[in-house]
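Report on the structure given below.
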Amino acid sequence: MLDRPMTASAEHTKETWRRRTFAIISHPDAGKTTLTEKLLLFGGAIQLAGHVKARGERRSTRSDWMAIEQARGISVTSSVMTFEYEGNVFNLLDTPGHSDFSEDTYRTLSAVDAAVMVIDAAKGIESQTRKLFEVCRLRDIPIVTFINKIDREGVDPLALIDEISSSLALDLTPMTWPLGMGSGFQGCLDLHGKRVLLPERDRTTPYGRVVQLDALEDVTALEGLGQLPDVERSVEEMQLALGALPTFDRVAFHEGHLSPVFFGSALRNFCVEELLKALGQSAPGPLARKATHRTIDPNEEAVTGFVFKVQANMNPQHRDRIAFMRLCSGKFRRGMKLFHPRTQKQIAVTAPILFFAQQRQTADEAYPGDIIGIPNHGTIRVGDTFTEGEMMTFEGIPNFAPEILRRVAIEDGMMAKRLNKALADLAEEGVVQVFQPLLGSRTILGVVGELQFEVLASRLNQEYGVTIQYETTPYTMARWIVAEDKDKLEQFISRQRSQVSRDRDGHYVFMAESAFWLNHAEENAPGVKFSATQERG
């Protein structure tokens, strides 16, 4: 046990505060993946949106790299992309937007220090955006708002600002402002740089002209622009917004009370670079992290980190499994041995990885805020902590009770062993939860959203060559059960044995046919706790 954490060197501190680790969150179809690729484009990580900067044949760099993602046009798993821009190292975590994959998003949000919330200008705040915002609020994650698709017909900017502020109880500070929207879109005002950003007529480049202004209102004097009704109205609205809304305050932003707002168009590259610059200049560096017994400061010398994701078959040819570890303190060096508190064993990390979607390179060193991949042979799980010897666990990485339960069937019984191996791999990754009933041999699968079953079947077929069918179960709800008095727990299990299963870690889970029967079981089991979440690690 480390009695007094040692402070890292000046070089370590400098490298740490160059890190900006952030997630992009949104409702489906708000433009999250497009914005991700354009941030990479302006960050110099790619030459064309969708392609890596590489010699010879272009390599795909879409954050949506799985076959089902590309076929369906949705994100079903989080991706990590690391790049440098203007002296900062950015770790960008793209998250699934669809609510059926919210588990993956929630876990990913445990690994970031800030988030970009993407909002469709025509739709405003949508249900999944609200849910993800609340997760960020619970974690005190600072949020930058990007109102996308302003070149399409949308809601009035003042109305959008009012809706976001009132529905999320969040102070907003506009950083850019649209000059007209939809068919009347004429460009944007950079409010703090006092510039007007004018589009190229052929729409192939972001800005045809950038004009420096002495005052923002001077935009109305520009020839061919100032006399347009949409521009005049936009300037009036901008003046109202600046008069009514608070000025940018870094402390309030870092505490999660205030969000800087960028109006832009990811598709047309409008205000994407301004967003990236703001993340570098104003977003927080690596934050302190809560663990059992104490809080870990990023400037501590000893290496600590936690696993927030495990991905199977990133390279299907090698059947690999990679554990994604967020580094929380210390300078990691390739080849060092790390202590794994859950197993109380040392693990030599000889081939750590830095990510660019599914592309990868060896990580010789890493600092707090960085995400590194550790090749995993079944010993590392989501929620695991790594240290240089300290016995502790990082907090806040939940496991959620499934909302849909199914049994799985295969036509070819000879494939049963392969199916079990595949389910173990994908359960480790978090794609599905696997439960083994105390009575009977039919495995029960659980997911949060129906689309997860489609993804599971697709990946079993694509990656393991196993074709499955789903069968219904009598159960609609699952809850983990624990009790301080072990005798009370054993008595309950004895009475309800036909409805109790074990999860992959051996924890007891009660399966209920309906909310009525779940409530009935709770009322008749004093001393037994039924939980819809479980802390990992």
Side-chain angles (χ1 to χ4, degrees), residues 19-43 45 49 63-64 75 78-83 85-86 88-97 104-106 108-121 123-126 128-137 139-150 160-161 164 168 170-176 188 248 250 253-254 256-267 269-287 369 371:
R19 268 58 186 175
R20 300 290 184 271
T21 303
F22 69 101
I24 300 184
I25 60 174
S26 78
H27 195 84
D29 300 322
K32 176 178 57 65
T33 299
T34 301
L35 178 61
T36 297
E37 293 186 349
K38 295 306 176 70
L39 286 169
L40 297 173
L41 175 68
F42 281 100
S63 54
D64 296 340
S75 299
S78 299
S79 298
V80 178
M81 287 145 284
T82 299
F83 62 96
Y85 178 74
E86 292 191 342
N88 291 314
V89 177
F90 289 87
N91 296 298
L92 189 165
L93 281 67
D94 183 29
T95 62
D104 195 24
T105 299
Y106 293 159
T108 298
L109 288 174
S110 70
V112 303
D113 303 304
V116 174
M117 178 171 64
V118 185
I119 294 174
D120 188 326
K123 299 176 181 177
I125 293 292
E126 299 177 86
Q128 184 66 2
T129 312
R130 193 187 308 275
K131 290 178 183 178
L132 295 174
F133 170 80
E134 291 301 333
V135 175
C136 291
R137 170 163 279 168
R139 297 183 184 279
D140 297 320
I141 297 173
I143 290 178
V144 180
T145 301
F146 188 82
I147 298 178
N148 194 23
K149 304 182 184 180
I150 60 172
L160 280 168
I161 290 281
I164 297 167
L168 300 182
L170 180 68
D171 287 336
L172 301 177
T173 297
M175 310 298 282
T176 65
C188 277
F248 179 73
R250 186 187 297 266
F253 168 48
H254 285 193
H257 304 313
L258 178 145
S259 176
V261 179
F262 292 82
F263 288 87
S265 169
L267 187 63
N269 303 332
F270 241 85
C271 296
V272 174
E273 190 167 21
E274 284 68 26
L275 170 65
L276 185 58
K277 287 177 181 290
L279 287 167
Q281 294 167 2
S282 301
L287 301 174
I371 309 296

Output, in order, the C-alpha distance, side-chain angles, deciding distance and verdict of side chain to side chain contact (heavy atoms under 4.5 Å, CB included) for M117 and T129. CA-CA 8 Å; M117 178 171 64; T129 312; 3.7 Å; yes
Can you run down the salt bridge (charged side-chain N to carboxylate O under 4.0 Å, His left out) pairs that involve residues 139-148, sequence neighbours left out, and say none if there aren't any? none
For residues L93 and I371, determine if any side-chain heavy atom of one lies less than 4.5 Å from a side-chain heavy atom of the other. yes
Restricting to non-hydrogen atoms, name the atom on V272 and the atom on F42 that form the minimum distance, rounded to 0.1 Å. CG1-CD1, 3.7 Å
Heavy atoms only: give me the nearest R250-Q281 pair and the separation to one decimal. NH1-O, 3.0 Å
Between the main-chain N or O of G369 and the side-chain N or O of T21, is there a donor-acceptor pair closer than 3.5 Å? yes
Between F262 and F146, is the gap from one ring center to the other below 6.0 Å? no
Could you tell me whether the side chain of R20 reaches within less than 4.5 Å of the side chain of N88, counting heavy atoms only? yes
Any side-chain heavy atom of L170 within less than 4.5 Å of one from H257? no
Taking every heavy atom of I143 against every heavy atom of F253, the minimum-distance pair comes out as O-CE1, 3.5 Å
Can you find a heavy atom in the side chain of C271 that is under 4.5 Å from one in the side chain of S265? no
Apply side chain to side chain contact (heavy atoms under 4.5 Å, CB included) to V116 and L279, showing your working. CA-CA 9 Å; V116 174; L279 287 167; 4.1 Å; yes
Take L168 and R130 through the test side chain to side chain contact (heavy atoms under 4.5 Å, CB included) and record every step on the way to the result. CA-CA 7 Å; L168 300 182; R130 193 187 308 275; 4.2 Å; yes
Min side-chain heavy-atom separation V118-I24 under 4.5 Å: yes
Please step through side chain to side chain contact (heavy atoms under 4.5 Å, CB included) for the pair L35 and L275, ending with a clear verdict. CA-CA 10 Å; L35 178 61; L275 170 65; 4.1 Å; yes
Residues two or more places apart in sequence or in another chain: which of them pass salt bridge (charged side-chain N to carboxylate O under 4.0 Å, His left out) with K123? none
Within the 4.5 Å heavy-atom criterion, are N148 and I119 side-chain neighbours or not? no
Provide the closest heavy-atom pair for T82 versus V89 in the form atom of the first, atom of the second, distance. CG2-CG1, 4.0 Å
Indicate the atoms forming the closest heavy-atom contact of P260 with M175, along with that distance. CB-CG, 3.6 Å
Measure the shortest side-chain to side-chain distance between C136 and L109 over non-hydrogen atoms and say whether it is less than 4.5 angstrom. yes
Within-4.5 Å side-chain heavy-atom neighbours: E86 and K277: yes
Is there a donor-acceptor pair under 3.5 Å between the side chain of K32 and the backbone N or O of S26? no
What's the separation between atom CG in D120 and atom CD1 in I125, rounded to the nearest 0.5 Å? 11.0 Å
Can you see which heavy atom on I25 is nearest to which on F133, and at what distance? CD1-N, 4.4 Å
For the pair F90 and F22, name the ring-plane relationship: parallel under 30°, tilted 30 to 60°, perpendicular over 60°. perpendicular
If we ignore hydrogens and angles and just use 3.5 Å, is the side chain of N91 paired with the main-chain N or O of M81 as donor and acceptor? no
